[in-house]
Amino acid sequence: MTPYARRGVHGQTVETLARRVLSGEIPEGATLDLVALQGELDVSLTALRESLKVLAAKGMVDARQKRGTFVRPRADWNLLDADVLRWQFAGGTSSDADLGLLRNLGEVRGIVEPAAVRLAACRRTDADLAELEAALAAMGDGGGEAAHAVEADLAFHRALLAATHNELLERMEMVIESGLAHRDQIVHSSPHGEDPVPSHRAVLDAVRARDQDAAEAAMRALLDQAVRDLDKVHGTPGDTTTDTKGAEAK
């Protein structure tokens with residue numbers, strides 16, 4: 001169950017409205033019929049308005065006198081918001097739209113994570129290494145279960161960002177985790193993915209040795225492997241080069 005859906009009627013209403021907007025079921029520019037939505041969703045008008053305030057804070061809807069509440073253009077949406085990213089993947093499918101978003105996220109990861117791992121190689125502490133080692137051990141002990149592999153991978157990359165000891169880089173986990181989890185679920189549920197442990201071990205070994213160049217090279221190799229894994233699942237060729245620092249999230 002997703003975070004907002006755990007929050008009772010209010011949370012479930014937020015989730016429902018967000019998915020409808022993000023899927024295009026309620027298109028950009030559309031004015032919402034609050035009375036009809038209230039009846040359809042079987043919620044109070046107060047609960048509906050409170051839910052719309054959440055979407056307004058994320059740039060998805062707005063309310064104006066005489067026009068009412070309407071969906072804002074996609075260009076105004078906060079697409080880097082962790083909830084907005086998660087909602088886009090909430091259906092658990094691997095559609096072309098999802099694949100495009102995964103590639104966009106992968107390019108962001110390809111810019112951020114190779115640079116972050118250089119900082120981690122300089123600044124990591126023994127505690128950071130212990131967190132990375134624990135995540136890597138969990139990655140190898142999952143017995144092939146997709147859910148376990150996803151959580152272990154998230155823990156590794158979370159620990160890697162934490163090892164930079166840069167508060168803003170650490171917050172990047174909120175941007176990338178939803179897409180990373182979705183990508184991992186697709187790949188780890190398929191027989192086509194490569195063993196992720198060796199590529200992650202190479203990153204950890206370089207960080208442990210405080211070798212910035214080796215850490216960056218290992219991260220780029222890991223990201224290239226991630227591209228190959230996703231392309232094998234989708235049966236489509238992807239750009240596996242990292243010359244422009246673009247790669248699929250792993």
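Please read these numbers as outputs of a predicted model, since none were measured by experiment. Starting from 1, each residue takes its place in the sequence as its number.
Residues Pro114 and Arg109 come closest through the heavy atom pair CD-O, 3.4 Å. Counting all heavy atoms, side chain and backbone alike, Leu132 lies closest to Phe156 at CD2-O, 3.5 Å. When all heavy atoms of Glu133 and Arg208 are compared, the closest pair comes out as OE1-NH2, 2.6 Å. Residues Glu177 and Leu154 come closest through the heavy atom pair O-CD2, 3.8 Å. Heavy-atom minimum distance, Ala214 versus Ala206: C-CB, 3.7 Å. Closest heavy-atom contact between Val207 and Ala120: CG1-O, 3.9 Å.
Atom CE of residue Met174 and atom CZ of residue Arg86 lie 13.5 Å apart, to the nearest 0.5 angstrom. Interatomic distance, CG of Leu119 versus CG of Leu161, reported as 10.5 Å (0.5 Å rounding). Atoms CG and CG, on Asp153 and Leu222 in that order, are 7.5 Å from each other to the nearest 0.5 Å. Between the CZ atom of Arg19 and the CD atom of Glu25 there is a distance of 12.0 Å, given to the nearest 0.5 Å. Expressed to the nearest 0.5 Å, how far CG of Leu37 lies from CD1 of Ile26 amounts to 6.0 Å. Rounded to the nearest 0.5 Å, atoms CG (Leu45) and CD (Gln38) are 5.0 Å apart.
Between Val71 and Trp77 the shortest side-chain heavy-atom distance falls below 4.5 Å. Between Leu52 and Leu34, the closest side-chain pair of non-hydrogen atoms falls below 4.5 Å. Contact of the Asn166 side chain with the Arg123 side chain is registered, since non-hydrogen atoms from C-beta on lie closer than 4.5 Å.
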Walk me through whether Met172 and His157 qualify under side-chain contact (heavy atoms from CB on, under 4.5 Å).
CA-CA 10 Å; Met172 285 298 295; His157 289 278; over 6 Å; no
Test side-chain contact (heavy atoms from CB on, under 4.5 Å) applied to Gln12 and Val43, step by step:
CA-CA 10 Å; Gln12 292 169 13; Val43 296; over 6 Å; no
Check the pair Asp62 / Arg67 against side-chain contact (heavy atoms from CB on, under 4.5 Å), numbers first and verdict last.
CA-CA 10 Å; Asp62 199 0; Arg67 180 173 179 180; over 6 Å; no
What verdict does the side-chain contact (heavy atoms from CB on, under 4.5 Å) test give for Thr13 and Glu50, after you've listed the backbone C-alpha separation in whole Å, the side-chain angles of each residue and the deciding distance to 0.1 Å?
CA-CA 9 Å; Thr13 304; Glu50 288 300 313; over 6 Å; no
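Although no hydrogens or angles enter the test, the distance criterion places a donor-acceptor pair under 3.5 Å between the side chain of Asp128 and the main chain of Thr125. Proximity of a side-chain donor or acceptor of Arg210 to a complementary backbone N or O of Cys122 within less than 3.5 Å is detected. A donor-acceptor pair under 3.5 Å links the side-chain atoms of Ser199 to the main chain of Pro196, judged by distance alone.
Taking a cutoff of 4.0 Å between a charged side-chain nitrogen and a carboxylate oxygen, Glu167 and Arg171 do not qualify as a salt bridge. Between Arg201 and Asp205, at least one side-chain N (NZ, or NE/NH1/NH2) sits under 4.0 Å from a carboxylate O, which counts as a salt bridge. A salt bridge is absent between Glu107 and Arg103; no separation between the charged side-chain nitrogens and carboxylate oxygens falls under 4.0 Å. With respect to the salt-bridge test (charged N to carboxylate O, under 4.0 angstrom), the residues Arg20 and Glu15 do not qualify.
Residues Leu32 and Leu41 share a single hydrophobic cluster, defined by chaining ILVMFWY side chains whose heavy atoms lie under 4.5 Å apart. Residues Leu48 and Val9 share a hydrophobic cluster, clusters being chains of Ile/Leu/Val/Met/Phe/Trp/Tyr side chains in contact below 4.5 Å. In the hydrophobic clustering of ILVMFWY residues, with side-chain heavy atoms under 4.5 Å counting as a link, Leu223 and Val197 come out together. Note: the hydrophobic cluster containing Leu80 also contains Leu102 (ILVMFWY, side chain heavy atoms under 4.5 Å, direct or indirect links). A continuous path of hydrophobic side-chain contacts links Trp87 to Leu79 [ILVMFWY only; heavy atoms under 4.5 Å].
Of the residues Glu113, Glu173, Glu131, the one that meets the salt bridge (Lys or Arg N to Asp or Glu O under 4.0 Å) test with Arg158 is Glu173.
For the salt bridge (charged side-chain N to carboxylate O under 4.0 Å, His left out) test, residues two or more places apart in sequence or in another chain that qualify with Asp213 are Arg118.
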